[in-house]
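Here the structure is a predicted model, which means the values were calculated and not measured. Numbered from 1 within each chain, the chains take letters A, B, ... in sequence-line order.
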Amino acid sequence: MADVITRLDPTSRAAARGFSDMTIRNLFIIPTIVFLIVFNVFPLIYSLWTAFTDYRASTAAAANFVGLANFRELLSDPDIWRNFTITAKYVVITVTGQVIVGFGLAMLLNRKIPLKGLITTLLLLPMMLSPAVVGLFWKLLYDPSFGIINYFLGLGKFEWLAQPQMALWAVALVDIWMWSPFVMLLSLAGLSAVPKHLYEAAEIDRAGPFYTFFRITLPLVAPILMIAIIFRTMEAFKTFDHAYILSTQPTTELIAIRLYKMAFLEWQTGMSSAFAYIVLIVVVAITNIYVKYLNKAKAR
Amino acid sequence: MARIEIKGLNKSFGASRALRDLDLVVEDGEFFVLLGRTGAGKTTILRSIAGLEKPDSGMVKIGDHDVGGWTAAQRDVALVLQQYSLYPRLTVRGNLEFPLRSKTRKFTESEIAARVEKAAKTLQITHLMDRKVERLSGGEMQRVSIGRAIVRQPAVFLMDEPLSALDAKLRESLRVELKRLHSDLGATFLFVTHDQVEAMSMGDKIGVLRQGRLVQVGTPSDIYERPLNTFVARSVGSPPMNLINGRMSGGEAQIGAFRLPVSIAGAVERPVTFGVRPENVTLQSGAPVEAKVFDIEDQGVIKVLTLEMGSDRLHVTVPAGTKVGRDEMVRFGWKPDRVLAFDPDSGMNLALA
């Protein structure tokens, strides 16, 4: 095996620069793999183990194997189900909002307009910001007494984040603001790939704008839009930063927040590992449904 | 009816002028072929007629209407493109129905079904109706694309190199079918191509286009036998017409040291570019000119010889049975009444000037 690695293809660019395959392995591949193992693979396996124990990272006590007890307790806890329900609602609101806003923006941008590049870049800014920072300044924007949102909407001292029913929508709105550009970017790529001659053919065939949209645009953009939806769903499920900063309402306690509290405030390490695995399974399952649709859309 | 008339059409794309003061008339029911190289402005003409391109100036009339301000949808033309432009993810049937389902046309379901059925039969694609268009071969796609054009029964068909993306065999059979379709429908066809064989074999009339200008319009035999200038002469015919520089002298053609008879009326002493098609050059033992066989191309029915005569090379077609070898010296003459004379500077046909 070692000979195979050390043998240098004399025509390769690495050889031309004086790098052997061995050097490349040592310089780039091994560090990456080590990093992956230490920070990804090991925690993944270790947390799977702790999920079946009563381990608490805050004590020196040895972990006892408890079998499926953690899972049983979690799944029979109505509070956990409430967290799931809130999260599901949050995912539906944000992803729907992002697809509508993002795709809408992409449709508007997918034509010849002046300063298109600049406008696109500006629209992409929100998703380049740190979610924690976004949470902090939206908290200011939402502020009932001096927030600019109430000022512009003339809502007086409207409590965006303190009202239990409103808070989730307010948090979701921030997510929509932040991540619609992502959907827009992917949609824009999809839209610009639709051949122009199809639109011309449709025009000659007297297809109306709606017919053209649903018969030509949407089917061709659907696969890439589906990818955007997959990404956003996965991300929305694990939303933490801005939601945690914006609201402490029980009605905005997403699973990631509950998980954080369980793991690092209550120090139920074993229990929270089990919880994390439940979340993982749910996300993988949902993603799989999407992927199935995606493959179907591609196959058609 | 659907006569197409274009007057003084101009169109520029940036610095390049695609069309220059173009006039064109396509009579109702005519199969008109626009022949030109890439960039000659063929597609721009079609798009201007279809309403997909707005000309800088000039008038387009379809039937009795000046359609200048009309949208593509209002013009009621069908456009068939080289890249098929089939609607993706739809079946063949879905594609054929597409134009009939427009809100602006009120067809009943049975009417739609009947029209689609008829188009499918005409184009022999009935067995493909429920197939997704992505699963079709190029020839099938182009049939569907033509089918989509004919279901609407438009008065004008515009075709932008519809056969160019197909392989040679398919091209030939679709060529025949298109001609048949034209005579069945009786509609006006404007067909654009760079392929002179297509132009010659399909058109009732051919318009030869060069750099946004129509050089000559005429029937295929007009274009072939009485080209207006050397450009048209070389545009049609394969191998193309031989152009040989020489001079008229004493009622005969003088080419280098050789003299050949011509029957050009009112010929005066002057330098001339003689044009003669390969099939009008004859190999004969006693013929006036001597040349060396440079190359032989056996095409089955005929052989195409390339003869070398001084610095000139010319093509000659001879029956396939002719025994001749490379580098052999042969003697040739030509049919005097088939020889054209062009002005060496302007390239204009002296007989038509």
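The choice from B/L90, B/L52, B/L100 that makes the most heavy-atom pairs within less than 4.5 Å of chain A is B/L52. Per-residue heavy-atom pair counts under 4.5 Å with chain B were compared for A/A202, A/A207, A/G208, A/P195, and the maximum is reached by A/A202.
Between B/E177 and B/K179 there is no salt bridge, since no side-chain N of the basic residue sits under 4.0 Å from a carboxylate O of the acidic one. The pair B/K42-B/E161 counts as a salt bridge, with a side-chain nitrogen and a carboxylate oxygen less than 4.0 angstrom apart. Salt-bridge annotation for B/K205 and B/E30: present, with a side-chain N of the basic residue lying under 4.0 Å from a carboxylate O of the acidic one. Look at B/K7 and B/E5 and you find a salt bridge, because one of the NZ, NE, NH1 or NH2 atoms lies within 4.0 Å of a carboxylate O, short of that distance.
Neither the backbone nor the side chain of B/R75 comes within less than 4.5 Å of any heavy atom of chain A. For B/L79, the parts lying under 4.5 angstrom from a heavy atom of chain A are both the backbone and the side chain. With a threshold of 4.5 angstrom between heavy atoms, A/P219 approaches chain B through its backbone and through its side chain.
Note: A/F182 and A/W179 have perpendicular aromatic rings, judged against thresholds of 30 and 60 degrees for the angle between ring planes.
Between B/F98 and A/Y211, the distance separating the two ring centers is shorter than 6.0 angstrom.
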Item to complete: Assess whether side chain to side chain donor-acceptor pair (under 3.5 Å) is satisfied between B/R20 and B/N10, documenting all intermediate values.
Response: CA-CA 5 Å; B/R20 301 160 196 253; B/N10 277 293; over 6 Å; no

Discussion item. Determine whether A/Y290 and A/I227 satisfy the following criterion, side-chain contact (heavy atoms from CB on, under 4.5 Å), listing intermediate values before the conclusion.
Written reply: CA-CA 8 Å; A/Y290 282 144; A/I227 288 172; over 6 Å; no

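Within residues 102-110 of chain A, no residue approaches chain B closer than 4.5 Å by heavy atoms.
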